[in-house]
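The structure displayed is predicted, hence computed values, not measured ones. In what follows, every heavy atom counts, from backbone to side chain, and hydrogens, waters and symmetry copies are set aside.
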2 protein chains.
Amino acid sequence: MFSKACEYGIRAMIYIAQRSRQGERVGLKDIAQGIDSPEAFMAKIMQALSRQGLVQSVKGPHGGFYMDTQASKITLAQVVRAIDGDHLFTGCGLGLTECNEKKPCPIHDEFKLIRNKIRSLLETTQVGEFNELLEKGVLHLKRI
Amino acid sequence: MFSKACEYGIRAMIYIAQRSRQGERVGLKDIAQGIDSPEAFMAKIMQALSRQGLVQSVKGPHGGFYMDTQASKITLAQVVRAIDGDHLFTGCGLGLTECNEKKPCPIHDEFKLIRNKIRSLLETTQVGEFNELLEKGVLHLKRI
DNA sequence: AATAAAAAAGACAAAAATATCCTTTATTCA
DNA sequence: TGAATAAAGGATATTTTTGTCTTTTTTATT
Ligand code: FES
Ligand code: FES
């Protein structure tokens with residue numbers, strides 16, 4: 001469904017949203033440990049998200065990544081697009097070079113419904129909406 | 001969603017179902033051309049499908065791949081499982097090592113619905129059910 | 001029996017995804 | 001100002017996926 005980079009990216013964004021209330025910063029090490037991802041790879045993903053403005057960063061002592069309040073309204077769809085592009089939202093399920101209404105592949109109609117459900121899920125879900133449940137330990141971002 | 005190998009595999013199975021009525025054989029070259037896939041790579045995928053009994057094959061002159069009538073009832077889910085395994089049907093959407101009802105990731109509930117829709121689509125779709133529409137040129141297995 | 005055709009199998013190659021390491025830049029604090 | 005800290009960036013390494021090439025095996029035909 002998503003690339004590894006994208007899975008880490010989504011989990012990281014949700015983690016940062018929860019851990020960086022009123023501008024506190026979350027360090028790379030903290031993120032990698034918090035979502036159980038390889039730290040150096042996570043760095044690359046955070047750089048991409050930061051360049052695209054989905055997350056803020058500050059260098060130096062007490063630096064790290066953070067989000068302001070409205071940034072926690074960023075949707076999972078935005079994160080996915082930033083990392084995996086929008087192939088998932090627009091591409092053909094059977095790998096034809098493009099999804100084409102006029103020249104549909106065998107599963108086009110059904111697949112489009114599913115694709116739209118996925119998009120709808122991701123577009124209506126914000127990285128900041130799990131803060132309380134994560135804090136309560138109801139939801140999890142890693143297994144260990 | 002699916003790996004390239006799986007996309008080719010599904011398209012090939014649908015192609016063979018349509019092209020191999022009453023035991024006629026479809027050659028590798030024919031398949032690769034018919035679904036626009038790289039021939040040598042397609043060969044590997046066909047070998048896997050053949051080994052797993054999802055398609056029959058005969059060597060030698062006038063050999064090739066074919067399906068008997070009940071084989072055209074093979075579902076897309078069977079093809080996907082044969083090539084990509086069942087991670088798509090059971091795995092966690094955010095890449096946690098397992099999907100766990102008791103320790104759900106943030107999108108677990110919604111993702112499970114989508115996952116089940118995908119599985120349902122694939123389990124209720126048979127490789128042989130597109131024969132007529134493909135013949136009429138309503139459906140397509142390649143773009144060129 | 002010899003030849004040709006076609007899939008099976010094995011070895012190899014290229015590309016992409018995943019992951020790591022090292023250096024540079026910006027920032028804070030003593 | 002100097003040292004320490006942490007992200008940014010660049011180069012490299014590993015693994016997986018995708019793809020190709022060659023040889024072998026099986027079968028049909030002459
Ligand atoms: S053409 Fe395949 S999903 Fe639209
Ligand atoms: S735990 Fe992530 S989908 Fe179930």
Margin query: Heavy-atom nearest nucleotide on DNA chain D for B:Arg25 versus B:Met42: which residue maps closer to 5'?
Written below: B:Met42
Note to self: Exactly one of B:Ile45, B:Ile31, B:Leu54 should register a side-chain contact (heavy atoms from CB on, under 4.5 Å) with B:Met13. Which one does?
What the structure shows: B:Leu54
Item checked: Pair B:Ile16-B:Met46, side chain to side chain contact (heavy atoms under 4.5 Å, CB included): steps then yes or no -> CA-CA 11 Å; B:Ile16 296 165; B:Met46 292 313 300; 3.4 Å; yes
How long is the line joining [atom1] of [X] and [atom2] of [N], in whole Å?
X	N	atom1	atom2	result
B:Ile83	D:dT18	CD1	C1'	13 Å
A:Ile16	D:dA7	CD1	C1'	12 Å
A:Gln33	D:dA6	CD	P	15 Å
A:Leu54	D:dA7	CG	C1'	17 Å
B:Gln56	D:dT27	CD	P	14 Å
A:Glu39	D:dA8	CD	P	13 Å
B:Ile35	D:dG19	CD1	P	11 Å

Note to self: What I'd like to find out is whether the side chain of B:Glu101 reaches to under 4.5 Å of the side chain of B:His108, using heavy atoms alone.
What the structure shows: yes
Item checked: Within-4.5 Å side-chain heavy-atom neighbours: A:Asp86 and A:Val80 -> no
Margin query: Within residues 3-11 of chain A, which residues have any heavy atom lying less than 4.0 Å from an atom of DNA chain D?
Written below: none
Is there a path of hydrophobic side-chain contacts, each under 4.5 Å between heavy atoms of I, L, V, M, F, W or Y residues, that connects [X] with [Y]?
X	Y	value
A:Phe2	B:Leu96	no
A:Ile107	A:Ile118	yes
A:Met42	B:Leu94	yes

Note to self: For nucleotides 5-13 of chain C, give me one character per nucleotide, 5' to 3': B if any protein heavy atom sits under 4.0 Å from the base, S if the only such contacts are to the sugar-phosphate, - if neither.
What the structure shows: BBBBBBB--
Checklist line | Listed once per pair and sorted, the side chain to side chain donor-acceptor pair (under 3.5 Å) pairs that draw on residues 4-24 of chain A, sequence neighbours left out | finding: A:Lys4-A:Glu7, A:Tyr15-A:Arg19, A:Tyr15-A:Asp30, A:Gln18-A:Glu135, A:Arg19-A:Asp30
